[in-house]
Asks: 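Mind having a look at this structure? Questions to follow.
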Amino acid sequence: MKTRDSKSGPAPAAGGRRKFLNRLWLVLGGLLAAECAWLGGRIFRQRGQATGKRRKLIAAGRVGTFEVASVTAIGPGGFFLARLRDGAFLAMSRTCPHLGCSVTWEEKQNRFVCPCHGSVFNRRGEVESGPAPRPLDTYPLRLEDGVVKVEISSSRRREEFVPGQAVRPPGPAERQR
Ligand code: FES
């Protein structure tokens, strides 16, 4: 009959138990890591929603494709892109600030018109006749590599038009810098 002494290593049952415990720790560690990743992603998403940092940027088109003194309805984001007489761009919401109907651009009248209660706005979105109490909201806009990009995730309420709301493409001197 064989006997085991202390120098011959652990008994087979002890080795099996150690392997089992090692695997158990691996599984628990993996579950913990997955849980942390899920929680982290959830917190990140909630924080982004709470602070409005989820940005939606629409590439409306190349600068040169928009004529000066024109208004273009941009489908994907549901907004109007006006190019003013000085060449600057202004992105505006389609939502009437009276009760929220969608305004339309009437090319022949050179005006935005709300079909619900008849408010009229000029090319810059300013009220020409009510009942709308204020101009059409704007969206942040930037020109990058000759492309007009509009951030439609956050509209800006305004009480009047000021030139800083519109973005001008760089002139020849600025382009050479
Ligand atoms: S909702 Fe536009 S005028 Fe009333």
Side-chain angles (χ1 to χ4, degrees), residues 38-177:
W38 179 80
L39 261 178
R42 193 177 162 147
I43 289 169
F44 181 76
R45 277 193 302 276
Q46 282 178 347
R47 190 176 290 174
Q49 284 165 357
T51 58
K53 284 184 180 167
R54 284 192 133 195
R55 293 184 172 175
K56 191 165 184 194
L57 201 61
I58 301 280
R62 298 201 65 79
V63 168
T65 60
F66 300 100
E67 286 182 27
V68 169
S70 68
V71 172
T72 307
I74 306 293
F79 61 91
F80 289 107
L81 186 65
R83 188 153 194 201
L84 307 180
R85 295 195 189 286
D86 64 356
F89 287 92
L90 185 62
M92 288 173 284
S93 169
R94 290 185 183 184
T95 304
C96 177
H98 179 224
L99 293 177
C101 292
S102 290
V103 302
T104 57
W105 171 248
E106 302 297 329
E107 188 69 47
K108 285 184 183 158
Q109 298 176 42
N110 203 21
R111 284 173 171 74
F112 295 100
V113 175
C114 180
C116 292
H117 312 104
S119 288
V120 175
F121 308 83
N122 66 16
R123 181 187 305 278
R124 301 185 301 191
E126 296 166 296
V127 178
E128 290 206 333
S129 64
R134 57 187 171 79
L136 298 173
D137 290 347
T138 61
Y139 291 111
L141 177 155
R142 63 179 187 250
L143 307 177
E144 269 180 7
D145 302 324
V147 176
V148 184
K149 295 182 177 175
V150 178
E151 192 183 304
I152 59 163
S153 40
S154 58
S155 62
R156 290 177 176 160
R157 184 187 168 113
R158 59 184 174 151
E159 300 305 322
E160 60 181 350
F161 172 78
V162 291
Q165 291 163 358
V167 178
R168 287 185 69 148
E174 288 148 308
R175 275 199 295 267
Q176 284 171 1
R177 273 188 217 156

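In each ligand, atom 1 is the first atom listed, and ligand 1 is the first ligand listed.
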Asks: If you draw a 6.0 Å radius around CD in E144, do more than 12 non-hydrogen atoms from other residues or ligands fall strictly inside?
Replies: yes

Asks: Looking at atom 2 (Fe) of ligand 1, is there an N, O or S atom belonging to C96 that lies under 2.8 Å away from it?
Replies: yes

Asks: Restricting to N, O or S atoms, which atom of H117 is closest to atom 4 (Fe) of ligand 1?
Replies: ND1

Asks: Passes side-chain contact (heavy atoms from CB on, under 4.5 Å), R94 versus F80? Steps please.
Replies: CA-CA 7 Å; R94 290 185 183 184; F80 289 107; 3.4 Å; yes

Asks: Which of the N/O/S atoms in H98 sits closest to atom 4 (Fe) of ligand 1?
Replies: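 Closest N, O or S atom of H98 to atom 4 (Fe) of ligand 1: ND1.
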
Asks: Which of the atoms in ligand 1, numbered in the order shown and given with their element, are less than 4.0 Å from a heavy-atom of C101?
Replies: 1 (S)

Asks: Take atom CG of D86 as the centre, draw a 6.0 Å sphere, and report whether it contains more than 12 heavy atoms from other residues, nucleotides or ligands.
Replies: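 More than 12 heavy atoms, drawn from other residues, nucleotides or ligands, come within 6.0 Å of this atom.
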
Asks: Working to the nearest 0.5 Å, report the span between CG of L90 and CZ of R123.
Replies: 11.0 Å

Asks: What is the distance from atom NZ of K149 to atom CG of L141, rounded to the nearest 0.5 Å?
Replies: 11.5 Å

Asks: Nearest protein heavy-atom contact for atom 1 (S) of ligand 1: which residue, which atom, what distance?
Replies: L99 N, 3.3 Å

Asks: Measure from atom 2 (Fe) of ligand 1 to each N, O or S atom of C114 and report whether any distance is below 2.8 Å.
Replies: yes

Asks: Report the C-alpha separation of F161 and L84 in whole Å, then their side-chain angles, then the decisive distance to 0.1 Å, and conclude whether the side-chain contact (heavy atoms from CB on, under 4.5 Å) test is met.
Replies: CA-CA 12 Å; F161 172 78; L84 307 180; 3.9 Å; yes

Asks: Within ligand 1, which atoms have a heavy atom of S119 less than 4.0 Å away?
Replies: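 By the 4.0 Å cutoff, the relevant atoms are 3 (S).
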
